[in-house]
Protein chains: 2
Amino acid sequence: MPDEIEPYIPSGWVGRAETELRRAGYHSTLPRSTITEAIGSKHCAITADELSQELRRGGRPIGNATIYRTLELFEQLRLLRRLDFGDGVARYEPMLPEGGHHHHHYVCSSCGTVTAFEDEAVEEAIEELSERFGQRVEEHELILRGTCSSCLDG
Amino acid sequence: MPDEIEPYIPSGWVGRAETELRRAGYHSTLPRSTITEAIGSKHCAITADELSQELRRGGRPIGNATIYRTLELFEQLRLLRRLDFGDGVARYEPMLPEGGHHHHHYVCSSCGTVTAFEDEAVEEAIEELSERFGQRVEEHELILRGTCSSCLDG
DNA sequence: GTCGATGCAAAGAATTTGCAGGACC
DNA sequence: GGTCCTGCAAATTCTTTGCATCGAC
């Protein structure tokens with residue numbers, strides 16, 4: 001059985017985001033730091049709306065436009081990875097530096113719950129394929145779908 | 001190098017769709033047949049909008065609501081697979097019966113072009129993972145991303 | 001002080017839904 | 001003929017944009 005992971009806590013990610021932001025010539029502002037912290041404390045891919053609500057609950061609401069703009073900026077800076085599981089909402093999760101551990105997602109077709117996992121064998125196969133591949137491959141994502149255990153039991 | 005495929009022409013898919021539709025107790029109507037034919041003659045994943053335009057060009061326009069409803073119905077009947085490459089539009093492609101050949105997609109991060117490919121080694125690795133996996137896995141999708149050759153040259 | 005960043009509200013795009021009329025079995 | 005299906009148009013949902021104001025450097 002593959003390693004079902006309590007997805008990595010990207011220790012250092014928050015700091016790296018701050019640094020990278022400045023290095024790229026952008027301002028380090030309160031909204032951006034707030035968003036960075038909120039994402040850094042999360043364990044799974046988060047949507048713009050979840051982020052917005054969490055910030056509001058935490059007493060530091062941030063305009064939606066800013067949230068979307070920040071998420072997009074961070075994606076461009078390769079600090080966040082954007083994921084789309086086909087339910088019409090974009091999700092974002094911290095991106096680890098080149099060579100860092102990679103994980104993928106299992107999505108329950110019934111309840112929509114997303115679980116992260118990692119698996120060496122598949123990772124190697126994809127890595128190898130990427131080298132054989134005729135065009136330049138920079139990233140890959142794998143999604144497994146099925147009915148999760150709790151939906152089967154329930 | 002993996003088999004970059006001129007994605008399968010699902011011969012028989014159109015007929016199967018018709019049959020399956022009836023078997024499941026739905027009416028076989030003109031709009032549904034028209035859509036089925038249009039999809040069956042396509043070689044790659046198609047969006048609702050592309051489908052709509054193609055039908056209009058072909059002189060048999062169909063209301064958007066019907067297109068969306070049909071695509072959703074066909075997905076439920078497992079005649080179509082819905083794909084989402086993260087650009088905010090859903091794509092659909094014919095789904096082959098259980099055990100049929102499987103393919104995946106390479107998406108150019110620059111121009112958005114989608115190429116289909118298949119690869120035995122990766123397929124086996126994923127298949128094997130699915131069995132080891134702690135929860136029931138019914139489907140999987142792999143997306144490779146990178147800058148395609150023409151974007152690199154251009 | 002300048003220029004980039006924020007937030008509101010309005011615009012946009014993709015998809016869904018309500019409903020009256022039309023098509024299939 | 002009854003019921004399912006269609007198509008229009010309006011509604012929803014997620015995301016982007018315009019613009020006046022505010023904050024970081």
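Below, chains carry the letters A, B, ... as their sequence lines are ordered, and counting in each starts from 1.
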For the side chain of B/Y68, counting heavy atoms from C-beta on, which of D/dT15, C/dT15, D/dG7 is nearest?
C/dT15
At under 4.0 Å between heavy atoms, what does A/S28 touch on the DNA or RNA strands: base, sugar-phosphate, or nothing?
sugar-phosphate
Mapping B/Y26 and B/A48 to their closest nucleotides on DNA chain C, which lands nearer the 5' end?
B/A48
Can you tell me how far C1' of D/dT16 sits from CG of A/L71, to the nearest Å?
13 Å
With a sphere of 6.0 Å drawn around OH of B/Y26, does it hold more than 12 non-hydrogen atoms of other residues, nucleotides or ligands?
no
From C-beta outward on A/T66, which listed nucleotide comes closest to its side chain: C/dT17, C/dG7, D/dC5?
C/dG7
When you check the gap from the basic side-chain N to the acidic O, do A/R81 and A/E139 get nearer than 4.0 Å?
yes
Among C/dT17, C/dC24, C/dG7, which nucleotide has an atom closest to any side-chain atom of B/R69?
C/dT17
Rounded to the nearest angstrom, tell me the gap between atom CD in B/Q53 and atom P in C/dA13.
13 Å
To the nearest Å, give me how far apart CD (A/E72) and C1' (D/dT15) are.
10 Å
Considering only D/dC4, D/dA24, D/dC8, which nucleotide approaches the side chain of B/H27 most closely?
D/dC4
For B/R22 and A/N64, take the nucleotide of DNA chain C holding the closest heavy atom to each; which residue's nucleotide lies nearer the 5' end?
A/N64
Whole-Å distance, B/I67 CD1 to C/dT17 C1', equals 17 Å
Give the rounded distance in Å between these two atoms: CD1 of A/I62 and P of C/dG7.
6 Å
From CZ of B/R82 across to C1' of C/dT15 the rounded distance in Å is 9 Å
Closest nucleotide among D/dC5, C/dG7, D/dC25 to the B/R32 side chain:
D/dC5
For A/L51 and D/dC14, give me the distance from atom CG to atom P, rounded to whole Å.
15 Å
Taking A/E93 first and then A/R91, would you say they form a salt bridge - that is, a charged N and a carboxylate O separated by under 4.0 Å?
no
Is the shortest side-chain N to carboxylate O distance from A/E50 to A/K42 below 4.0 Å?
no
Pairing of B/R78 and B/E20 as salt bridge, 4.0 angstrom limit
no
Round to the nearest Å and state the distance from B/L73 atom CG to D/dC4 atom P.
14 Å
Name the residue closer to the 5' end of DNA chain D, choosing between A/Y92 and B/G63 according to the nucleotide with the nearest heavy atom.
B/G63
